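Report on the structure given below.
The structure presented is a predicted model; accordingly, all values stated were derived computationally and were not measured.
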Amino acid sequence: MRAWRLLATLGAWGLSLAVGCAAGSSNESSAGFSPGPSDSVPSAGGSSGRSSGGAGDISAADASTSLPPETHAESKYQAPVATGNVVWIANPSSGNVAYIDVASLTVQTAAAGNAPTYVAAVAPAGGSTDGIDRAIVLNVLSQDATLFARDANGNLSSSTYPAVSTANSWAISPDGRWAIAWTNTTLVSAANPAQGFETITILDVNPPSGTTARPPTTLATGYRPFNMVFSSNSSVLYAVTQAGIVVIDLVDGAAPTEVNAYPLIAANVSPDASTGSEPNDDAAEAAVRDASANETSTPNNPPSSTSSVPDVSFSFGASWALALIRTDSVPAITVLSLVDGTEAVVNLPGIPTDLAISPKGDFAIAVLRASSTVVVLPLPGIVTSPSTTLQTVTIPGEIIGQSVITQSGKHALLFTTATPATRMTVLALGPNPSFRSVELHAPIVAVFPTSDDGNAVVLHSVTPSNGVEGAFSMVPVATPGLPNIVSLPAPATAVALSQAGDRALVSILDQNSNTYGVVVGSMPSYVTTSYSLASPPTSVGIVEGPGQGYAAQSYTDGRITFIDLADGGTRTITGFELNARIVNGGEQP
Amino acid sequence: MSYRTSSTLAFAIGLAACAGRPSSWDAPISSQGQSYSLSHAVVVIDDGLHRAAVLTVASGQSLTTNFLPVGHGVTNVTSSSDGERLFVLSEGDAQTSSGTGQPPMLTVISFDPQTFQPSEVTYPFSSPLNSLAIDPSGQWAVAYAASSSNTYARQTSFIEDPNELLFFDLSRPSGSAPLPFELRSYGGSPARLTFTPELPSLPGGPSRLLVVEATSSDVHLIDLAHVADPKPRAEVVIPLTSAQNSATITPQGLAIAPADSTGYPKMALRTTDRNVFSWQLGPTSSTATDANPFEPSINETDVGGVPSDIAFVQTDAGMRLAAIVPGTSSAALVDPNTMLTTFVALPASFSHISLVTGSVGAGGGSSDGGAGGTAAGSDVALLWGSNASGVALWSLGVSVDRSYDSTVFINVGSNVTAVEDVPAPNQTLKLLEISSGTEFFVLDLLRQTAAPLNASSSATLSISPDDGDRVWAFAAGQTSLASIDLLTRQFTPLVTVLPVSAAYEIARAQPSTQNAGRALLTVSNSGALGVTVFDAVHPASSAAQRYAGLFMEGQ
């Protein structure tokens with residue numbers, strides 16, 4: 001549900017640390033951050049310990065007031081393309097897509113277009129219901145798309161569709177019917193300001209039984225899209241662009257049509273809005289004032305250029321469709337109803353550095369880094385009562401800049417990537433929230449909670465030494481326990497978690513030392529097994545049915561390693577591009 | 001053929017007196033005539049007079065010489081693995097406008113099993129070729145054009161088609177035409193041909209294949225059962241690089257596993273790349289009627305470095321492909337079904353692997369750990385190579401579970417350049433040749449000992465092919481040689497009058513006598529072919545018989 005995501009650069013952390021230290025030093029005599037009890041004081045399990053290592057020498061308040069924006073790297077690490085029992089791998093150089101039956105580990109290849117590059121699984125959220133595995137690939141050079149469908153007997157069929165020339169991403173509707181080829185401008189570097197990348201192609205790739213597929217439709221959305229979101233019933237597409245949210249009706253009328261557009265405008269918050277009636281906590285209020293004073297812009301003086309691009313999250317329910325808009329340096333959240341266009345501004349007791357919406361869409365969490373506070377926004381209730389008293393929780397002594405909400409919505413994992421902080425806070429949500437902070441011993445890059453809420457996998461950055469180039473931790477979430485950090489001989493590049501939440505695959509890659517591998521972590525035992533790979537991993541994933549993890553690798557002739565998650569056995573399949581070139585029989589030349 | 005004289009004067013007189021004499025008078029003597037050993041004979045090629053001298057010993061040290069014609073312009077000579085036949089490939093004469101001149105041909109020399117009388121059959125063909133591959137089962141000989149280390153190999157015509165194979169059915173009568181087979185070419189040419197044993201579980205029925213390793217990153221599989229079809233079935237071609245990979249990967253050697261517990265035959269190929277290519281010959285998915293019923297499913301496995309040797313072996317975890325990687329002083333054991341690879345650190349940088357299971361018994365060796373105490377049915381391998389100062393016995397029965405404890409190193413203090421097998425009943429011995437050439441070792445696989453033997457100058461070794469009791473050592477171009485008892489390492493010095501170019505121990509060819517004893521023939525290329533015959537079992541210089549000028553038909 002998270003939108004605007006900036007990718008972390010480790011180099012920036014050194015700068016962050018330096019800035020943080022300077023701020024800490026200069027703030028020695030300032031008012032500083034004085035955490036106090038909130039409306040919902042944690043009842044138990046709180047930790048007041050300070051960070052150690054990384055930013056450990058910087059007070060939370062000192063550090064958090066002048067840090068750069070939070071970065072969200074989770075999407076960078078997840079790219080599995082598996083459907084049912086099939087793993088799909090595109091090879092741009094050969095023009096082929098390899099599809100691997102994970103049950104038998106047989107590999108076959110099929111011709112796509114020119115330079116098939118971006119693959120997406122085309123399936124309903126719960127998986128295919130007709131026994132057909134579908135995947136669609138963007139052919140970058142032929143500027144089209146190829147849809148593959150493999151039936152239960154292993155027979156493959158393919159169809160070709162048009163696609164926009166600059167497309168680099170797929171958005172697949174929850175019901176698996178619609179595939180949107182679009183240009184994710186967060187993945188485009190050095191674009192000219194005149195390049196808007198507005199155009200998208202809408203493909204009806206799996207129409208309901210008894211209906212005819214709608215012809216491909218190409219539409220212009222808005223300047224520089226950075227997210228595509230479907231309504232929960234897949235009937236409406238929301239194209240989130242820097243210019244605004246474009247609403248496209250997919251099912252009514254003769255063809256998909258743009259039916260509305262909402263500009264993204266930062267909440268117009270009065271200078272004293274944050275000192276308004278909510279929250280009625282003097283300490284937090286003071287902290288907010290301090291935080292505001294240290295920001296580079298004020299609410300009435302919106303930040304320019306990049307920071308003006310808002311963070312848009314969506315919440316869909318039976319009777320509501322909301323877009324929640326967070327803008328850097330604005331101490332409020334704008335809640336836009338996508339049903340009727342009404343807008344509500346929710347003032348916050350500080351500037352939110354992050355906004356996350358629960359998987360069910362029934363609440364959102366705004367993180368106020370300056371005051372180490374989270375604010376819980378009930379949805380959709382906040383729309384009708386934006387001035388309602390919000391539940392806030394302050395985490396004393398910790399730097400928290402962002403949150404990740406677990407699948408059940410029962411926990412939020414609080415941390416920061418803006419400074420090399422080594423601590424993470426597990427917040428148990430509910431009427432009486434409680435929290436505990438854990439020391440992870442290395443700066444946090446990304447956090448991945450397991451689907452069962454039991455644990456989380458945390459990726460770290462490390463200062464290379466003693467053969468250690470990376471690390472990840474497995475952290476208990478639902479139950480108290482000690483985390484386990486795993487040192488790695490190369491930085492982590494991808495993460496995959498099993499549906500059951502009992503296995504994590506972490507790929508590692510260091511081109512300089514030719515170190516390639518996969519580490520399988522078992523939870524809750526936290527036992528890890530390392531596997532060396534012969535070539536650089538490009539993605540890892542888990543095929544749930546056969547219980548196979550896989551690591552696709554960059555290799556000319558094609559290479560993928562499967563790991564049996566039950567017994568740990570591996571099998572590497574290499575050269576499936578060669579199999580496609582075997583010549584068998586025929587008459588003598 | 002007449003007695004030839006080397007006298008210039010006599011030559012001049014003869015020329016004046018006998019204008020129009022046979023051209024054989026003018027043919028140079030093949031002083032470098034290559035000699036080949038068969039079971040009961042030594043054959044020396046006299047290319048100048050287009051003949052082969054077949055030397056047999058019937059009784060005592062009595063030498064019999066038979067001359068058989070061979071084709072003009074010998075390009076390749078190869079003996080069969082059982083030592084019963086010699087194959088001589090010739091390019092024929094340059095064709096004249098009148099069409100006269102001998103065509104290229106394959107001459108096969110063999111012996112009557114009762115009389116030991118040699119005879120030849122010939123198979124003419126049209127375009128000259130320079131290389132031969134001989135079917136170990138004796139059914140086929142395949143001629144092709146390739147660069148080769150063979151003495152005679154050379155490009156044989158102005159234009160040649162390197163992808164044409166000629167299959168000679170050796171059961172067919174003399175004069176029969178060979179069966180042509182044109183390889184699908186992807187830019188290369190055949191570099192190495194391997195006949196597989198029968199593959200009992202090959203889809204489509206048991207059959208044997210000819211595997212052709214080409215120079216340009218591909219491998220061809222030809223079903224020998226369909227070579228003689230009226231419309232021969234084309235081969236299966238396995239590419240070693242993808243269409244986008246411009247690298248040249250040159251095949252370097254093949255390993256074959258006819259069948260394992262999973263049923264289908266498996267093959268593996270090492271190349272100039274660090275990946276080992278392996279494939280299983282399962283049923284084809286092709287529906288074409290002219291497709292082979294089998295089709296390879298290829299896998300590549302990175303073994304950590306460029307392998308110098310590969311072999312399918314039986315380990316404690318089942319069949320594995322063993323790849324020896326000198327660059328990392330290690331071996332990789334690849335599960336051919338799962339591609340799971342176990343790396344085994346080796347005590348030295350070895351480059352070759354030889355299975356010695358048959359010599360020491362499955363899982364053999366001692367039972368005190370190390371290279372012994374292994375799982376039943378598992379292999380024992382001998383590792384050696386030019387970069388190791390010794391050899392190692394590798395117990396594959398513990399190579400997966402206890403790889404750290406699977407080798408025993410036997411240090412001989414020098415680089416081993418060759419390992420010679422010793423025939424039964426002394427098969428537990430191996431002869432190790434050392435890079436210096438003046439020293440060699442008798443390796444006892446059971447006792448895990450290596451006893452040195454020294455020579456005063458660089459020696460050439462020849463093991464008795466009969467019982468492996470002795471080895472013959474001689475210095476090329478010298479007149480000294482010795483018989484060495486491999487068990488006691490006692491030696492008998494011998495001398496010849498003629499410098500020794502080669503030495504061969506053969507069985508006496510005495511009609512109606514099954515075991516007439518054995519003789520040693522030393523061949524001297526100086527002059528017009530000289531031979532000295534010794535009794536091989538009780539050699540004595542005083543009892544030896546010398547034969548000179550054999551190419552001049554002297555006795």
Side-chain angles (χ1 to χ4, degrees), chain A residues 91-96 98 100-101 104-111 114-116 153-156 514 516-517 529 531-536 548 553-564 567-589, chain B residues 163 180-186 217-221 223 226-227 229 231-247 249 274-279 282 284-286 288-304 334-335 337-341 343:
Chain A
N91 187 336
S93 56
S94 72
N96 290 331
I100 303 169
D101 186 315
S104 63
L105 294 185
T106 55
V107 185
Q108 292 176 281
T109 57
N114 195 351
N153 296 321
N155 301 313
L156 189 81
N514 293 331
Y516 318 122
T529 306
Y531 301 89
S532 291
L533 299 177
S535 43
Q548 295 277 345
Q553 295 157 67
S554 173
Y555 184 68
T556 309
D557 300 333
R559 176 174 286 152
I560 186 168
T561 297
F562 287 94
I563 302 171
D564 190 313
D567 62 18
T570 66
R571 178 169 181 178
T572 297
I573 298 174
T574 309
F576 35 84
E577 289 290 341
L578 300 182
N579 282 301
R581 298 187 63 220
I582 287 175
V583 178
N584 186 357
E587 292 186 11
Q588 272 274 279
Chain B
N163 286 294
F181 191 100
E182 186 72 20
L183 294 173
R184 296 176 195 269
S185 178
Y186 294 88
S217 303
D218 49 63
V219 173
H220 305 248
L221 308 179
D223 189 343
H226 294 280
V227 169
D229 287 355
K231 287 176 65 179
R233 182 186 289 164
E235 78 276 31
V236 173
V237 184
I238 303 172
L240 302 180
T241 56
S242 64
Q244 291 69 46
N245 188 353
S246 61
I249 296 177
R274 56 187 280 160
N275 289 296
V276 171
F277 295 80
S278 58
W279 56 86
T284 183
S285 58
S286 172
T289 55
D290 50 4
N292 289 280
F294 58 88
E295 191 162 285
S297 173
I298 312 175
N299 230 314
E300 293 175 61
T301 305
D302 188 331
V303 294
V334 183
D335 185 328
N337 297 311
T338 67
M339 297 301 119
L340 183 65
T341 303
F343 290 96

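In terms of the side chain to side chain donor-acceptor pair (under 3.5 Å) criterion, Asn114(A) has no residue partners (sequence neighbours excluded).
Only the backbone of Phe294(B) has a heavy atom closer than 4.5 Å to any heavy atom of chain A.
For the atom pair Thr301(B) OG1 and Arg559(A) CZ, the distance stands at 8.0 Å (nearest 0.5 Å). Separating the OG1 atom in Thr572(A) from the CG atom in Asp335(B) is a distance of 11.0 Å, to the nearest 0.5 Å.
Checking side-chain atoms of Asn292(B) against main-chain N and O of Asn584(A) turns up no donor-acceptor pair under 3.5 Å.
For the options Leu221(B), Asn163(B), Asn299(B), Asp302(B), heavy-atom pairs under 4.5 Å to chain A are most numerous at Asn299(B).
Looking only at atom types and distance, the side chain of Tyr555(A) has a donor-acceptor partner in the side chain of Asn275(B) under 3.5 Å away.
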